[in-house]
Every structure is written in C-alpha cells, then in structure tokens.
Amino acid sequence: MGLTDSKVYLVWDAPDRAALSSKNVPFDYVVFVNGKRLSETAAQNYARINPMTALYRDSFYNYYTKKRVGFDMVRLEPTSYCVDSLSAETAYTFRVAALNKKGKVLFQSEEITVTTLTPPSAVLNILAYGAKAEQTLPSDEEELKSLAAQNAGAIQKAIDDCPKQGVVLVPAGTFVAAPFRLKSHMTLQIDGEIVGTPFADQYAFGFLLYPYRTDKRYYGLVNVDGAEEIRITGKGVIDGNGWVYISADGKKLDRAVQYYSEDGDPNLESLALPDKDAFRLRKYRHSNAKDVYRDGILSASSCKAVLAMSGKSPETATDTEKKNAYGTRSTMLLLRNVKGLFVSGITLRNPSNHTLNILDSEAVSVTGITEMTYDCNNGDGIGLIHSKDVALWNNFIDTGDDSIVFSAGIGEAAFTSGEQAVTNVRIFGNYIHHGHGGVSFGSHTALGMSDVHIYGNVFSHTDVPFRCKSNAVTGGGAWDVLFENNAIAEAKQAFLITTSYDNESSGNKLGAVFHDMTIRNCSVYGVGMNTICLESDRHFPAYNLHFEDISFAQVGRGVNTMGWEALVNLRDSSFKNVRFVSYTDKAKEKKRDKAWQNLVHCENVTFDQK
C-alpha cells in the first residue's frame, strides 16, 4: 500500500470472526522480515505511527465499557504495519502472524517479497530558495501578502527544480504561503507548518468540480492536475486559515486557539505526554452564508471577492447572491488526476471549505494523518471523487461535515463526461470524531460507488456513521458495500440510507438506488434519532440490504415521533440478530421502547432475532 526507500507499509484483511471460535480470534499481530520476527506488535506499531488515533481509540474503549454500555463494544485490532529503517533498493520478504492473548501464533500469511525504492535523488530545502519562516505572522496586510507570495514562489521554484524522485522539504517553522502546484515523481515533505494566505486574490479562480458544471470555485492551497507518483509526507501541518476559533462556552470569537473535549475523549491532564496541546481537539466557529463575514478569515475574503466581481458587497447582495458566493470557497488540497498518490503523517486543519479532495485518481493511500476541521461549515475531511483503488487507514478525522465522502457526478451529464465511478475502496482502523457523516455515499452518486469495505473503525459523536444520500434526479447509487466490525457512540442516526436528499440538482428522474449492502457485527451506544433509517423512492426502492449482529444501547436520546427504526420502500432485505439492549427513560416514558414500529411499503423483509 505504501513504499519508500526505507519503509514498507503492509496491510492485510482481518479474518471473518463469524467463522472463528472465540479462542481463535486474533488479539494482535506480528510481522516477520526475512524470517525474523520484529519486536513491535501491530498494535504498538499502530500507536507509534499515529499516536493521536491510538490515544483516542484506547480512551474510547476505556470509557464505553461493558458496565456502561451493557455489552462489549466491537473492537478489531489493527491490521496494518509500517516497517521502517530498511535499506534502499533491497528486496525483503514479509509475512504476518496472528496472536492470541497469550502470544501464541494462531495462523500466518504467505510470504511476499517487496523491494524498497532508490534513495531520493535530491532534497531541496525551501529556505535555500528564499522562503522565510515567521514565529508571529505580520499584522500589516501588505507585508503579510508579500511574505505569502515570497514563500509560495520559493516553494514553487523548489518544486520546479526538483528532479525525478526528489524531495522538496518544508523545514521546521511557520511559513505563510500563497497557493502552489505539485508535479509528478516527487515528495513534498512537511516538517514545519504551512499556513494559507488569508487573501482570496492570491488564489486562482475558476475550478470546476465536474466538467459539465458551470459553478466556478477557488482553487486550493496545494494543487495538482495530471501527475504520477506523488507523496505528501512528514510530521508537519497545513493550516487553511479558514475560520476563527470559538471558545468552549460558544460565545467568544477568537483567532487564538480554542480547545474542547467530550465523553470518551482522553483526560490529557492525567497523562504524561510531552506536548499535551498536540493531542487537544480544536474548535472553529460554525457559520453560514450570512455570518461568514463575521466568522471567517479566508472564507470571508473569498465571499467578499466573489461578490465584488459583480459589483456587490455583503451589505448590498441578496441572500441568493450570498449563498452563491459562499459556495465558491476553496478546498485546501485539490489533488486531481493523480496515478499513485501517497499521503502520510501530516496534520490538516481549518479549511475554508473542504479539506482534502482527491479527484479522478487511482492507486491512492492515505495513512497516519490527523484532520481537525470541527466545526468548520462544509469542513469535509477526505473527499473521494471519481477515484478508484483507494486505502484509508490509521487516520484521526475530526470534522465539521462528512468525514469521508464519495462523489460520482450528478444527473444525465455525468454519463457522457468520460469520468469514472468510485470503486475498490478500503477504509479501516480510523478514529472518526464528529462529522455529519462518518463515511458518506453521495449525495453526488450518478456513476455509482461499489466494492467498498469499511471495517475496524471507531465513530465517536458522529451524527450518522454510515450515511447514504441521493435523489432520483442525481441517479446512480451505491452497491457491493460491506460495513463490519465498527464501534459507534453518541450518534444521531446510526445507519441512514435515503434517496430524498436535496442537493439542488435538476433534470430528468434517473432513479438512485442503494442495494447489495451488508452491515454486520457493529456496536452502537447512544442514538438520538434513528437506529436504522431506510427511506427510498417508491419507484426506485432499495433492495438486498442485510443487517446482522448489530447491538444498540441507550436508544432514544432525542425527539422522534415516528419510531426509532424507519423502513420505507425496502425490498428483499433481512435483519438478523439486531438487538436493542436498552432505551432511555425518555423513550420509555413516551412508550417508544419497541422496535420495528415504522415499516411502510416493505416487501420480502425478514426479521430473525435471537
């Protein structure tokens, strides 16, 4: 899944737990290199590669115990390993062995052979090209704009000069920068912090999400369109400078960092950590098209600039004009048409709009990154748009919108665009905090999403961990999806599949259908609205949806007069061993502590409860 001159990233499928006896379920894994067992287990390696994910994951399970929940939350041990400190241009053999609690080998894989890459042909430090780090950014607007242009020029010149298989290094320090563009066969290594310029006029305008759309947007801070073998690595930060912070009490707007924590999060003060602030969760101001001018930084500048293009201002523009301007905000990283993309280690935060969009690409790996975009409006974490052959693992994602989202076009025009569907995606071992959707299919579903496996993740305080949304005009849908061995806490709706989602598309009704999906072996604690909500168009019903071995506790924390399960226009589907262990006192008082009370126009739907 990932390869450098000194590292090999290994991933493997977890065995089917249903096919194993309890004594043969893996507790951990070890890796053998050239026949020699490495001392670090997979769980230990997972924690070293992304300490943020491991810390919050362990805290989650320490908080949501069997005593609190009423059953054991599903926990799947890491199925990945980064083997490092290897020699360049050297062939190594690898195999993986599963261990039980006593450290005994249960079973092991076949050996594979991998050869590491050649060393970097050159390392180009942006300081040598005139980049200038500032601990405190200039307060004077013209001075700040000049510094951003200077640093962007230095970064771009280093990229342009970078030979094949070379590295452009952003060293320690804070560099405010205007946008720049990557190229093929290079590594961008970020060890410092890149802060996006807050001035919209330093960003190019005219980006189109789809070739058949006319709604132009700003380009990103980091851009690429048409390249091969790009790596973005390091332990540094890219900050989009999108919004101000908000204080814990929700009252104060501030450009100084503000933090927050919730149930299940670690008590950092009780832990011996070298830098506690690096593990704290940041909170940005949630806003909208009306209030962006108060709450935004780059986002406000972008909206003002677009209004000015038509001779308007926030004071003179109509609500529709403000809404249209709001939709032009830039995505922080726009990576389009890349074959062979590897992103690891970095932290991404505070985008003006979306964070990391990967478009029209293939052979993509994203691992070990941290995203902090809560509660940025539209602050999606990772967008997979018309992309295939993707693996996302061991990432910490705390977002203000969908954490991981698939998009595959809108309406009839998508079918003549020459673009591809979203296919062959693996999402595993991630910690997803907040987000309207944990993993979201749509709402742009025209060309479809298929062959998707989502397993071994934790979803904490995510509104809808499994979210499918579209409508008849958009068309398409999603199928061949397996969502298994995931743990969920404090959701509004645990599982949502709807074809009544309004994404403002217009045209002929093509029909969007979600079908052939399996959701199994998941645990859910705390549901505000729906446990399972499946709402389909009666002309295009969902079918072959199968739920098995799902446990719910503390159902009914919100207000819902329709029943906690809603199945509408569902065909040929099954619910096997779906348990509702406990309801809230509120649900009991309202006499809404019974399952399967809201089924409408369902055919051949079976319920087999143990």
Side-chain angles (χ1 to χ4, degrees), residues 4-6 88 117-205 218-241 298 330-336 338 340-351 356 369:
T4 72
D5 62 309
S6 62
L117 301 179
T118 59
S121 56
V123 177
L124 286 68
N125 191 318
I126 64 170
L127 292 176
Y129 285 83
K132 184 179 180 183
E134 293 284 358
Q135 186 171 359
T136 302
L137 297 180
S139 57
D140 179 78
E141 181 173 311
E142 290 305 315
E143 185 180 352
L144 180 59
K145 186 177 289 188
S146 175
L147 180 60
Q150 175 183 331
N151 286 339
I155 295 170
Q156 192 63 63
K157 186 64 167 64
I159 292 170
D160 294 344
D161 286 355
C162 186
K164 189 175 182 178
Q165 310 305 340
V167 176
V168 171
L169 174 64
V170 179
T174 300
F175 300 86
V176 63
F180 54 90
R181 187 174 293 271
L182 305 179
K183 69 177 185 180
S184 292
H185 304 293
M186 67 160 288
T187 296
L188 176 65
Q189 182 176 328
I190 304 172
D191 292 337
E193 180 176 357
I194 298 174
V195 178
T197 175
F199 306 111
D201 61 2
Q202 292 191 293
Y203 292 78
F205 186 76
Y218 282 96
Y219 280 85
L221 175 61
V222 182
N223 304 276
V224 63
D225 189 354
E228 297 181 353
E229 302 302 330
I230 290 178
R231 296 179 181 84
I232 304 174
T233 65
K235 295 298 182 183
V237 175
I238 303 178
D239 188 312
N241 217 353
L298 173 60
S330 68
T331 291
M332 199 161 71
L333 282 79
L334 275 175
L335 311 180
R336 173 167 252 164
V338 181
L341 172 66
F342 185 78
V343 183
S344 70
I346 60 174
T347 294
L348 305 175
R349 63 190 185 211
N350 197 10
L356 168 60
I369 74 168

Handout entry: Lys145 NZ/CZ over Phe199 ring centroid, <6.0 Å and within 45° of normal
Key = yes
Practice task
For Ala152 and Ala178, work out which heavy atoms get closest and say how close.
Solution key: CB-O, 3.3 Å
Exercise for the section: Using the side-chain contact (heavy atoms from CB on, under 4.5 Å) rule, take Asp225 and Arg181 through it: C-alpha gap first, then chi angles, then the decisive distance, then the call. Expected result: CA-CA 8 Å; Asp225 189 354; Arg181 187 174 293 271; 3.9 Å; yes
Fill in the blank from the handout: For Ser330 and Tyr219, the nearest pair of non-hydrogen atoms, with its separation, is CB-O, 3.0 Å
Exercise for the section: Mind checking the CD1-CD spacing from Ile346 to Gln189? Nearest 0.5 Å is all I need. Expected result: 11.5 Å
Practice task
To the nearest 0.5 angstrom, please state how far the CD1 atom of Ile155 sits from the OH atom of Tyr129.
Solution key: 12.5 Å
Practice task
Could you pull out the closest heavy-atom pair between Gly220 and Pro179, with the gap in Å?
Solution key: O-CB, 3.3 Å
Exercise for the section: State which residue, out of Val224, Asn151, Leu188, fulfils the side chain to side chain contact (heavy atoms under 4.5 Å, CB included) condition with Phe180. Expected result: Leu188
Completion exercise
CD of Gln156 to CD1 of Ile126, rounded to nearest 0.5 Å, is 12.0 Å
Practice task
Ignoring hydrogens and angles, tell me if any N or O in the side chain of Ser184 forms a donor-acceptor pair with the backbone of Glu228 under 3.5 Å.
Solution key: yes
Completion exercise
Note: Cys162 and Val167 closest approach over all heavy atoms is SG-N, 3.7 Å
Problem - Flag if over 12 foreign heavy atoms under 6.0 Å of NZ, Lys235 - result: yes
Fill in the blank from the handout: To the nearest 0.5 Å, atom CD1 of Ile159 lies from atom NZ of Lys183 at 8.5 Å
Problem - Side chain proximity check, Ile232 to Leu333, heavy atoms < 4.5 angstrom - result: yes
Fill in the blank from the handout: Pro120 and Asp5 have their tightest heavy-atom pair at CD-OD2, 3.7 Å
Fill in the blank from the handout: Paired with Leu221, the side chain to side chain contact (heavy atoms under 4.5 Å, CB included) test is passed by just one of Ile238, Thr331, Leu334, namely Ile238
Handout entry: Ion pair check, Glu229 and Lys164, cut-off under 4.0 Å
Key = no
Exercise for the section: Indicate the atoms forming the closest heavy-atom contact of Ala122 with Pro163, along with that distance. Expected result: CB-CG, 3.8 Å
Practice task
Could you walk me through whether Phe342 and Thr187 pass the side-chain contact (heavy atoms from CB on, under 4.5 Å) test, one step at a time?
Solution key: CA-CA 9 Å; Phe342 185 78; Thr187 296; over 6 Å; no
Exercise for the section: Find the distance between CG (Asp161) and CE (Met186) and round it off to the nearest 0.5 Å. Expected result: 11.5 Å
Completion exercise
Here the gap from Tyr203 atom OH to Leu298 atom CG, rounded to the nearest 0.5 Å, amounts to 4.5 Å
Fill in the blank from the handout: side chain to side chain contact (heavy atoms under 4.5 Å, CB included) with Val176: of Asp239, Leu137, Ile194, only one passes, and it is Leu137
Practice task
May I ask you to test the Thr197-Asn241 pair for a side-chain heavy-atom distance under 4.5 Å?
Solution key: no
